[in-house]
Structures are given as structure tokens and as C-alpha cells.
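As the structure is a computational prediction, the values presented were derived from the model and not from experiment. Worth knowing before you read on, the calculation uses all heavy atoms, side chains too, and leaves out hydrogens, waters and symmetry mates.
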Amino acid sequence: LRVLELGAGARGAPGLAAAAAGAAAVVLTDLPDPPEVLRALRLAAGRSGGGPTAGRCEVTALPLPWGDPPPEAATAPDVVLGADVLYDSALFDDILATVSFCLSPKPATARFVTAYQHRAAHFALGLAMERWGLEVERTKEVPAAA
């Protein structure tokens with residue numbers, strides 16, 4: 001299983017969890033600026049080799065601005081992870097364009113896995129997903145905390 005994490009931040013926890021769970025290759029990505037975030041992400045990737053059940057997982061960290069086509073190493077993943085990437089409706093098209101670019105080599109089998117907290121102003125998410133040819137499959141809805 002090849003995994004790509006978008007917006008991994010300085011830790012890349014979801015991607016590193018995928019490595020520990022047995023992924024064959026994981027690419028952690030975030031913006032190139034500020035450079036300290038990517039530097040920390042590369043450190044985290046370098047310390048990871050997957051987990052005891054994973055054998056040796058190749059984990060790399062790369063810059064990937066949303067809206068840009070991905071670098072070669074980030075293309076054709078089986079799974080794209082995006083933890084807390086759908087927080088700003090102004091970024092929906094950029095993030096979904098990147099997701100679409102990444103999934104396009106495997107449109108029938110690759111998946112984008114994310115969590116989304118509904119916000120009143122975010123009605124545009126469904127429209128943006130349609131625009132980029134992405135479909136939604138809800139797996140579980142968790143009520144908001146009071």
C-alpha cells in the first residue's frame with residue numbers, strides 16, 4: 001500500500017501510523033514555508049522505518065503546495081490522507097485539485113481519507129468536490145461536542 005499524507009505538519013502522525021500499520025511506502029507532505037516544518041517532518045520521516053509489523057517502510061517528506069501537481073514520488077498512491085485539511089473554504093479548490101492530481105493514475109481504486117467538521121460557511125465543499133470529479137462516501141458522523 002502506497003500512502004500520501006497532505007498537510008502533514010511537523011509530525012506526520014497519520015502517515016507514520018500508516019507506516020507502522022504496514023504500508024509499503026509513505027510520502028509525508030506539507031508547504032515549503034516555513035522551512036522549519038518541512039525540516040521537522042524530514043526528521044520524523046528519517047526516524048521512522050515502519051513498525052514491527054511493517055518490515056521496512058520507505059518514508060519520505062516532500063514539499064507540496066496545494067493546487068500544484070505533485071512531485072513524481074507523490075503520484076499514484078493507493079490512499080491519500082488529509083487530517084484537518086478542510087478547515088478553510090478558500091482552500092477547497094487547491095486541496096481538492098491536489099487530491100485529484102494524486103488520485104488520477106488510479107481513479108477506480110485510490111481513496112482520499114479525511115475528516116471534516118461541518119461549518120456553516122462550507123456549503124462549497126460539495127461543489128468543489130464535484131468540480132474535481134471526487135465522490136463522497138460518509139463512513140461515520142460524530143455529533144459536535146456541546
Criterion side-chain contact (heavy atoms from CB on, under 4.5 Å) on Thr29 and Leu38, from CA distance to verdict: CA-CA 8 Å; Thr29 67; Leu38 202 55; over 6 Å; no
What donor-acceptor contacts under 3.5 angstrom involve side-chain atoms of residues 63-77, with partners at least two apart or in another chain?
residue	atom	partner	partner atom	Å
Thr75	OG1	Glu72	O	2.8

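- Looking at Leu62 and Asp30, their side chains never come closer than 4.5 Å, going by heavy atoms from C-beta outward.
- Contact check for Leu125 versus Leu96: side-chain heavy atoms found under the 4.5 Å cut-off.
- Contact check for Val79 versus Leu1: side-chain heavy atoms found under the 4.5 Å cut-off.
- Taking CG of Leu91 as the start and CG of Asp88 as the end, the distance is 4.0 Å to the nearest 0.5 Å.
- Closest non-hydrogen pair, Val59 versus Ala19, comes out as CG2-CB, 3.9 Å.
- You'll find the side chain of Leu31 stays beyond 4.5 Å of the side chain of Val37, heavy atoms only.
- Of all heavy-atom pairs between Ile95 and Phe92, the closest is CG2-O, 3.2 Å.
- Clustering ILVMFWY residues whenever any of their side-chain heavy atoms sit less than 4.5 angstrom apart, transitively, puts Phe101 in a cluster other than the one holding Val27.
- Residue Arg131 qualifies as enclosed at atom CZ: its count of foreign heavy atoms under 6.0 Å is above 12.
- For the pair Glu135 and Met129, the tightest heavy-atom approach, listed with the atom from each and the gap, is O-CE, 4.1 Å.
- At least one side-chain heavy atom of Phe112 sits less than 4.5 Å from a side-chain heavy atom of Val85.
- For the pair Asp93 and Trp132, the minimum side-chain heavy-atom distance is below 4.5 Å.
- In this structure, Ala44 and Arg11 approach most closely via the heavy-atom pair CB-O, 3.9 Å.
- Counting heavy atoms from C-beta on, the side chains of Leu16 and Leu28 come closer than 4.5 Å.
- Contact annotation: the side chain of Val3 approaches that of Leu81 to within less than 4.5 Å [non-hydrogen atoms, C-beta and beyond].
- Scanning all heavy atoms of the two residues, the minimum distance from Cys102 to Val80 falls at CB-CG2, 4.1 Å.
- A salt bridge is absent between Arg111 and Asp78; no separation between the charged side-chain nitrogens and carboxylate oxygens falls under 4.0 Å.
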